> 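Below are the structure tokens for one structure; questions will follow.
Every chain is numbered from 1, with letters handed out A, B, ... down the list of sequences. Here the structure is a predicted model, which means the values were calculated and not measured.
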Protein chains: 2
Amino acid sequence: MNLNENKSLPEQTADKIVQYIINNNLNVNDKIPNEFELCEILGVGRSTIREAVRILVSRNVLNIRRGAGTFIANNTGVSDDPLGLAFEKDINKLAKDLLQVRIIIEPEIAAMAANMATEKDIEEIFKKCNKVENMILNGENHMLDDVKFHEAIARCTKNSIIEKLIPIIDKSVAVFANITDRQLKEETITTHRAIANAIANHNPTDAKHAMTMHLLYNKDKINQIVNDLTEK
Amino acid sequence: MNLNENKSLPEQTADKIVQYIINNNLNVNDKIPNEFELCEILGVGRSTIREAVRILVSRNVLNIRRGAGTFIANNTGVSDDPLGLAFEKDINKLAKDLLQVRIIIEPEIAAMAANMATEKDIEEIFKKCNKVENMILNGENHMLDDVKFHEAIARCTKNSIIEKLIPIIDKSVAVFANITDRQLKEETITTHRAIANAIANHNPTDAKHAMTMHLLYNKDKINQIVNDLTEK
């Protein structure tokens, strides 16, 4: 997608390492050649290799395990903030926009999950559902475990794009636009449970409706909070 | 989202530059301080600053204009391949997965666009629609202009997440999973035109249906091509 124009040598070298990974069919957790070997393979100096590797670490293509070597990262190539939401200035609008996208996508995903979930998927969903419920009841911050519940549902679809998108969008709510202040405790417990049950019963309509209800509770709450804030 | 553990000094410095950008409320095309000034502000050496800037260039946070300085990039923080699709091994599955996501999202977006499009938005959509039509009639490769047509529709929603997601997903079809070989010329012309007209008429139902039809033609074609390939 990018032309070579204007790319520094470390960046060009980073691109070559990516090509090496693809051509050699390396997978998550595979070790890549060491600095010395990469110098040989790519015909550049050691400091360039080191810088290229740092660029790829920052893009979550590689990770360095001290004393062990450099490996292909989990969720290869998906950085911490792939949509650049850290640079959004209006957090209230961001919160509303994220939820609008969730309302479009997640009810359909819940329906797909109900169609496709295996016994193992369902077990995983109930495990995550129970964990969030316990955290809410104990007054703990459940935001990131809540994301894991939604991720588990996304994984049922076996669609790699959906598996990547849902964590990005849902984690963004927790990290960049956490304005709900973890209210809606009862509603979350009830609707999460309804989603999990519908998926376990392979009932796509119920799963879709339960997910819609879950997200609409959130929408009402966000609108209410944002309106309160703007009235002040 | 990331803890500081295991981060190299250039990465930590890159994070600090991001914080500087946010705290100083810098916008797209704003110039950041030069290397010398950044050394002063962040208290690190020049080679560290240079490496940190390269990391941020590779994440599309900054871009360097030779002789002019370093600036905040367009589409700040969204890299070329934010979903890491270059690392997907099964291109046929990727093509199907991308289309499945488009079928979930884009009809809803077309409906939103019909509700919200301004006169200027509509003008823009027809311009892009005409361009793609001409390219198809002239036998040119219209894939990236096709993406621009869908981007123009996404922009009508005024939802920043949708504006970011659609180019990522639609461009991925062109770059990583282009297996349709630009067939469906007539169907593309007809359904694009129907989408544009429905948005211009502020008719969300027609816009949604036209977009659904457009994407289902693509789905049929992809399934047909993949089946042909696997039978061979």
> One pair to check against side-chain contact (heavy atoms from CB on, under 4.5 Å): B:Leu85 and A:Lys164. What are the steps and the verdict?
CA-CA 10 Å; B:Leu85 300 187; A:Lys164 285 174 179 197; 4.1 Å; yes
> Name the member of B:Ile22, B:Leu83, B:Leu94 that forms the most heavy-atom pairs with chain A at distances under 4.5 Å.
B:Leu83
> Is the backbone N or O of B:Asn75 less than 3.5 Å from a side-chain atom of B:Asn60, with the two atoms forming a donor-acceptor pair by type?
yes
> Report, in residue-number order, which members of residues 51-59 of chain A are under 4.5 Å from chain B by heavy-atom distance.
A:Glu51, A:Arg54, A:Ile55, A:Val57, A:Ser58, A:Arg59
> Give me the atom names and distance for the closest heavy-atom approach of A:Gly77 to B:Phe87.
CA-CE1, 4.3 Å
> Would A:Leu216 and A:Asn218 count as a side-chain contact (heavy atoms from CB on, under 4.5 Å) if you check the C-alpha gap in whole Å, the side-chain angles of each, and the deciding distance to 0.1 Å?
CA-CA 5 Å; A:Leu216 291 181; A:Asn218 277 278; over 6 Å; no
> With a 4.5 angstrom heavy-atom cut-off, is it the side chain or the backbone of A:Asn25 that approaches chain B, or both, or neither?
both
> Any idea which heavy atoms bring A:Ala207 and A:Ala111 closest together, and the distance?
CB-N, 4.3 Å
> Would you call B:Glu124-B:Lys128 a salt bridge at under 4.0 Å N-O?
yes
> Between A:Leu98 and chain B, with a heavy-atom cut-off of 4.5 Å, which part of the residue counts as in contact: side chain, backbone, both or neither?
both
> Highest number of heavy-atom pairs under 4.5 Å with chain A: which of B:Gln100, B:Arg65, B:Glu108, B:Lys89?
B:Lys89
> Heavy-atom pairs under 4.5 Å with chain A: which of B:Ala86, B:Ser79, B:Pro10, B:Ala14 has the most?
B:Pro10
> Quick check: do A:Thr76 and A:Val28 have side-chain heavy atoms less than 4.5 Å from each other?
yes
> Can you check whether B:Ile168's main-chain N or O pairs, donor with acceptor, with B:Ser172's side chain at less than 3.5 Å?
yes
> Taking it one step at a time, do B:Phe71 and B:Leu62 satisfy side-chain contact (heavy atoms from CB on, under 4.5 Å)?
CA-CA 5 Å; B:Phe71 298 81; B:Leu62 298 177; over 6 Å; no
> Would you please test A:Leu42 and A:Thr13 for side-chain contact (heavy atoms from CB on, under 4.5 Å) and show each step?
CA-CA 8 Å; A:Leu42 303 177; A:Thr13 307; 4.0 Å; yes
> Top residue by heavy-atom pair count (under 4.5 Å) with chain B, among A:Asn27, A:Asn159, A:Val78, A:Ile161?
A:Asn159
> Contact part of A:Ile169 toward chain B, heavy-atom cut-off under 4.5 Å: side chain, backbone, both or neither?
side chain
> Between B:Leu165 and chain A, with a heavy-atom cut-off of 4.5 Å, which part of the residue counts as in contact: side chain, backbone, both or neither?
side chain
> Could you check A:Leu99, A:Val101, A:Asp170, A:Thr212 and say which one makes a side chain to side chain contact (heavy atoms under 4.5 Å, CB included) with A:Glu106?
A:Asp170
> Within residues 144-158 of chain A, which residues come under 4.5 Å of chain B, heavy atom to heavy atom?
A:Lys158
> If you measure from the Lys or Arg side-chain nitrogens to the Asp or Glu carboxylate oxygens, is any gap between A:Glu11 and A:Lys16 under 4.0 Å?
no
> Considering only heavy atoms from C-beta outward, does the side chain of A:Val173 approach that of A:Arg102 to under 4.5 Å?
yes
